[in-house]
Amino acid sequence: MLRVLMFLVPLALSVYAFIDCISTKDQDVRYMPKPLWAILVLVFPLAGSLSWLIAGKKRHPAGAGGSAGSAGSPWSRGGRQQWVAPDDNPEFLKSLKDEKSPDDEDKKDQDKKDGGEDPTA
């Protein structure tokens, strides 16, 4: 089992580093051009992979990226594109307050006809 792990772990690291290298944007690559990094990872699997992961790519802090999203966009939060849950989206919550269903109007009209007070007022 240990012999298999000694082969699989560096292989998996090399595959991960190579895919990460070729999928990284050109402006996020440091020190060398991206094709040179890819060749380095392929020719020297262990050393190339470790050097790519340590020095080859600009790393961004998890919370970096500016404000917590722009109004009206459920996708932008923390400067990255990701989904924001509806209960965290202020535009969605505002739309719920603005929205009036026909059932609510019918209940208010019926209460007024019955002489009762509007429970929402």
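Among residues at least two apart or in separate chains, salt bridge (charged side-chain N to carboxylate O under 4.0 Å, His left out) pairs with a member in residues 6-21 are Asp20-Lys57. The salt bridge (charged side-chain N to carboxylate O under 4.0 Å, His left out) pairs that include a residue from residues 4-13 number zero, where partners must be two or more places apart or lie in different chains. Residue pairs meeting the salt bridge (charged side-chain N to carboxylate O under 4.0 Å, His left out) criterion with at least one partner in residues 29-39, sequence neighbours excluded, are Asp26-Lys34. A salt bridge (charged side-chain N to carboxylate O under 4.0 Å, His left out) check over residues 36-54, counting only residues at least two apart or in different chains, returns nothing.
Heavy-atom minimum distance, Trp52 versus Thr24: CZ2-OG1, 3.5 Å. Residues Leu46 and Ser14 share a closest heavy-atom pair of N-OG, 4.4 Å. Shortest non-hydrogen contact noted between Met32 and Val29 is O-CG1, 3.2 Å.
Connection of Leu42 to Leu36 is established within a shared hydrophobic cluster, with ILVMFWY side chains joined at heavy-atom distances below 4.5 Å, either directly or through further cluster members. Cluster membership check: Leu11 does not share its hydrophobic cluster with Phe44, using side-chain heavy-atom separations under 4.5 Å among Ile, Leu, Val, Met, Phe, Trp and Tyr. Residues Phe7 and Leu5 fall into different hydrophobic clusters, defined by Ile, Leu, Val, Met, Phe, Trp and Tyr side chains chained together at heavy-atom separations under 4.5 Å. Linking Ile, Leu, Val, Met, Phe, Trp and Tyr residues whenever their side-chain heavy atoms come within less than 4.5 Å leaves Ile22 and Val15 in two separate clusters. Hydrophobic clustering, with ILVMFWY side chains joined whenever heavy atoms are under 4.5 angstrom apart, groups Leu13 together with Val43.
Clustering of Ile, Leu, Val, Met, Phe, Trp and Tyr by side-chain heavy atoms under 4.5 Å joins Leu2 with Met6.
One finds the OH atom of Tyr16 at 11.5 Å from the SG atom of Cys21 (value rounded to the nearest 0.5 Å). Rounded to the nearest 0.5 Å, atoms CZ (Phe18) and CD1 (Ile39) are 9.5 Å apart.
Residues that satisfy the side chain to side chain donor-acceptor pair (under 3.5 Å) test with Trp37, not counting sequence neighbours, are absent from this structure.
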